[in-house]
Structure formats: structure tokens, C-alpha cells
Amino acid sequence: MDIRDDQNHVFNISLAKRTGLYQSLNPETTKYRGKNLYRIVMAFFTLYIGVNGVILNVHGVYYWTNNMSLSIDYFWNGIYTLFICYSLSVIVHYSDDIWNCLSITCYGFTSHSLRDRHILDRWRERSVFITTIITFTYFVSAFIFYFSSLVLWNYRVEVKNRDGSVSNYRYNVLNYYLFVSEETYNAQYYMFNMVECLGMVNFLIALFVFDVLAVTLCLAIRCQMQMISIAFESVGYTSLGDHHLSLVDCRGEKKNLPNIQNLMYDQIKTIIMDHQAVMRKYGAILKIFKGALLSQFVILSMVLIVIWFCFIMSFSSDERFNSSRIITIKIFSAIPITVFKLFGTCYLFGNIHDQKDSIIFALYSSNWPEMDMKCKKLILLAMKMNNANQKKLKFTRTKIINLEMFFKTIRDSYSILSVLVNYIKNMNE
């Protein structure tokens, strides 16, 4: 796949090149002993995040068991770190397949790109804008987290240790327990600040790589499906041979063109072939990313419940959930981000599913009454094929990832949260 022409792809290629995503996927990138050098770096990067993140989070849960808010915060951080490692390993393992799937971002993927280039340009602008916003948001968040730690460097976070003693640590970016005493931690604050800052940047880069790639592919699929719908709607009104060729003239009379039916038949066949190519790419993308996307959805749903629970219980009289104001604000800041990621996943795939189903209406909107029986049968066959193709991101046959699933998840999270809060209150009475 050649995607050197930045302006002819629904893909923010310049951003991908600056961040190394393009080089890690491109099979022609610099190699070391026959292996893509960038993939080797990403593999070691994944291993580093997994080992360090899990060890530090698990040790933090163990050491600060008496601080439930901190322990639960470390717990979901550890779980999400595992997910990030899994998602990066998927990208590394299926790099060649993902590179092939990126051909769907090409303007020339369907046969109608020249006629409807303005639509492709609009989708390219959306892709560039959204991926740029995602990148900007991640790095601004890193900037805010880092400089807030410097502004509050003298603020002491009071935590109850496992043995019952109380320690006071200076506020830091992540406030990991780094196997040192509070005296050493506070004395060497700036050194540990840099260590935690690097850990946070690694975490955000890993999130960025997966999110940008997933969003790009979703937007490209949505774009190409819209191109198919527009092409089907035009059947019988325009032909492949002449953009302005129509079955009827301005007076409503049929044109006497003996080969018009053959032209329409060839046009329908071409569009069906394009449709099949798009659905094959969509199926390949689902095969690669389905496990990671569904895992992310489940983990984010769990995280949403956990952080809401910690935030609410921090205002209770239960000593196990008592935490400093800064920690409470830090926990609360994760709620809107989690909700937005859940919403984004559901919205993108819900849009793809709706566009796929709308192809039936596009076929019906063609000028089929003026076609001969051969063309009508081909349109009917295309409708049956689209109905038979049930490739969707879903947990079960009935639970599909869309906006309905998002709102159901929010309702279920509220119900589970209410049960947990009431259970804790009843235990304390």
C-alpha cells in the first residue's frame, strides 16, 4: 500500500509520521535483522509499560490497603495498564494486516472517488481534525498533570500505611509508591517527579496510538460506506460512461438509448464489487480489533463504576475512604474522560452500523422502476446480500455497540453504584 500522498487519504498521515505510528506499520521501514525497527521498539515499549505499571500499581494496592480510595485508584490503573499492553501487542502482532486495512483510507478505494471527491475531502478534514484534537487533548492533559504537581509540590498527601502508621508524601504526578520511605521520597522529590512524568507520558502515548488508529479506521469505513450509498442512489439517473446521462430527459420522456440498460447493469455490478471490498476490509478490521475494543468497553464500564464509587464515598464518614482533597479531585477528573471514551466508541460504531443498514434505502432510492428485469434482479440480490451481512461490533447477537448500549451502560452503572453505596452504609450502621 502506498500512502505517500497525504492529500488523497482519509488519514492524518503527517501526524502518524511525527508520532512513529506510520513507520511502525509500514513494512518498508528501516529493518534490523529483517524486522521492522519501529515495531521492535514498540514491543519493548509495551513490555516496559506492562512490567513497571503492573508492579507499581499492585504494590501500591498492597502497601496502602488502609486507604481504600488510593487502593482502588491503583487497582483500576493496573487493570487499564494491562489493557494498554494488550492493545499495543495487537498493533505490533497485526501490523502488516493493519497496513493493508489502511488502504480503505485511499480516495481511489471505490470507483466513484473522482465524481464525489468533495465528500472524501470533507471526511479527510474530519479525520485530521478529530485525530489532532485527540492528540492535543492527551498532551495538554499531560502538561496540566505535570505542572500541577510542580505548583503543588509542597502539598502533603497523608496516607495510612499497611502497618497502621501515617506517612506524608509530597504531591506528585502519579504518586506511586516507589519502594522508598517518605523521607527519601520527599528529599529526592524532583528525581521521582521526572520518573513519574516519564511513566505518565508513556501511558498517554500508548493510549494515543490505539485511539488514533481506531478512530481513523472507523471514519474511513464510514466514509467509504457513504460513497457506496451515494453511488447506489445515482443508479438510473447517471451512468459510468457519462456523468450527465439520464434515463429521462427534461420533458419526462424516455431517451431512446438501446445500451442504457447494459450501462446500468455494469454500473450496479461495479458498485456491488466496491461494496463487497468495503465490507471485506470492515470484516478484517473487526477481526483484528474486536477483542481490544470489547475489552476496552468492559474495562471502561468497570472503571466508571469504581471511580464514581470512590468519589462518592470520599464524602462519607467512613474512615477507609477518607482522602485528601487533591486525591478526590484527581479521581473525579477521570470521570468525564471515561464517559467520553465510552461515548466515542459507541457513537463511531453506531454510525457505521446505521450507514451499513441505510444502503438498503439507497438501493430503493435508485431509479429501479425504469430498469429492465435483469437490473432489478441485481438490485434485489444486492439488498439480500446487505441483509445477510451482519458484520457488527457486538457482544452477543442482540447486544450491539451503539448509542443505545452507551445509555444502557450508564443506567446499569448507576444501579450498581447505588447498590454498592447502600451496602457500605448498611455495614457501617
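- If you look at Phe83 and Tyr80, their ring centroids are closer than 6.0 Å.
- The backbone N or O of Val10 lies less than 3.5 Å from no partner atom in the side chain of Thr105, so there is not a single donor-acceptor pair.
- Checking Ile228, Leu378, Thr110 one by one against Ile271, the side-chain contact (heavy atoms from CB on, under 4.5 Å) holds for a single residue, Ile228.
- Side-chain contact check for Tyr138 and Asp211: at least one donor-acceptor pair (N or O, by modelled atom type) lies under 3.5 Å.
- Within 6.0 Å of CZ on Phe395 lie more than 12 heavy atoms contributed by other residues, nucleotides or ligands.
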Report the C-alpha distance between Asp274 and Lys269 in whole Å, list the side-chain angles of each, state the deciding distance to 0.1 Å, and finish with yes or no for salt bridge (charged side-chain N to carboxylate O under 4.0 Å, His left out).
CA-CA 9 Å; Asp274 288 340; Lys269 283 201 307 182; over 6 Å; no
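- At least one donor-acceptor pair under 3.5 Å links the side chain of Lys281 to the backbone N or O of Asn100.
- Checking side-chain atoms of Lys356 against main-chain N and O of Asn386 turns up a donor-acceptor pair under 3.5 Å.
- By the neighbour-count criterion of 12 heavy atoms within 6.0 Å, atom NZ of Lys399 is sparsely surrounded, having that number or fewer from other residues, nucleotides or ligands.
- Ion pairing of Asp96 with Arg39 is present here, as a side-chain N (NZ or NE/NH1/NH2) and a carboxylate O approach within less than 4.0 Å.
- At a cut-off of 3.5 Å, with distance as the only test, a side-chain donor of Asn172 or Tyr185 sits close to an acceptor on the other residue.
- Between the side chain of Ser127 and the backbone N or O of Arg124, no donor-acceptor pair lies under 3.5 Å.
- There is a side-chain donor-acceptor pair under 3.5 Å between Gln355 and Ser229.
- In terms of the salt bridge (Lys or Arg N to Asp or Glu O under 4.0 Å) criterion, Lys391 has no residue partners (sequence neighbours excluded).
- Of the N and O atoms on the side chains of Tyr38 and Asn26, not one donor lies less than 3.5 Å from an acceptor on the other residue.
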Evaluate salt bridge (charged side-chain N to carboxylate O under 4.0 Å, His left out) for Lys287 paired with Asp97, printing each intermediate quantity in order.
CA-CA 10 Å; Lys287 184 178 179 181; Asp97 295 328; over 6 Å; no
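- Note: Phe11 and Trp123 fail the aromatic proximity criterion, with ring centroids not under 6.0 Å apart.
- Less than 6.0 angstrom separates the ring centroid of Phe406 from the ring centroid of Phe343.
- Looking at Asn12 and Ser14, their side chains do bring a donor and an acceptor atom within 3.5 Å of each other.
- Atom CE of Met273 has 12 or fewer heavy atoms from other residues, nucleotides or ligands within 6.0 Å.
- With ring centers used as reference points, Phe147 lies under 6.0 Å from Phe143.
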Quick one, Ile221 with Ile104, criterion side chain to side chain contact (heavy atoms under 4.5 Å, CB included). Give me CA distance, side-chain angles, the key distance, then yes/no.
CA-CA 7 Å; Ile221 293 167; Ile104 199 171; 3.8 Å; yes
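- With rounding to the nearest 0.5 angstrom, the NZ atom of Lys377 is 10.0 Å from the CG atom of Asp372.
- Annotation for Arg122: atom CZ counts as buried by contact number, over 12 foreign heavy atoms lying within 6.0 Å.
- Heavy atoms of other residues, nucleotides or ligands lying less than 6.0 angstrom from OH of Tyr94 number 12 at most.
- Atom CG in Asn367 sits 9.0 Å away from atom CD1 in Ile379 (nearest 0.5 Å).
- In this structure, CD in Gln226 is found 10.0 Å from CG in Asn351, a value given to the nearest 0.5 Å.
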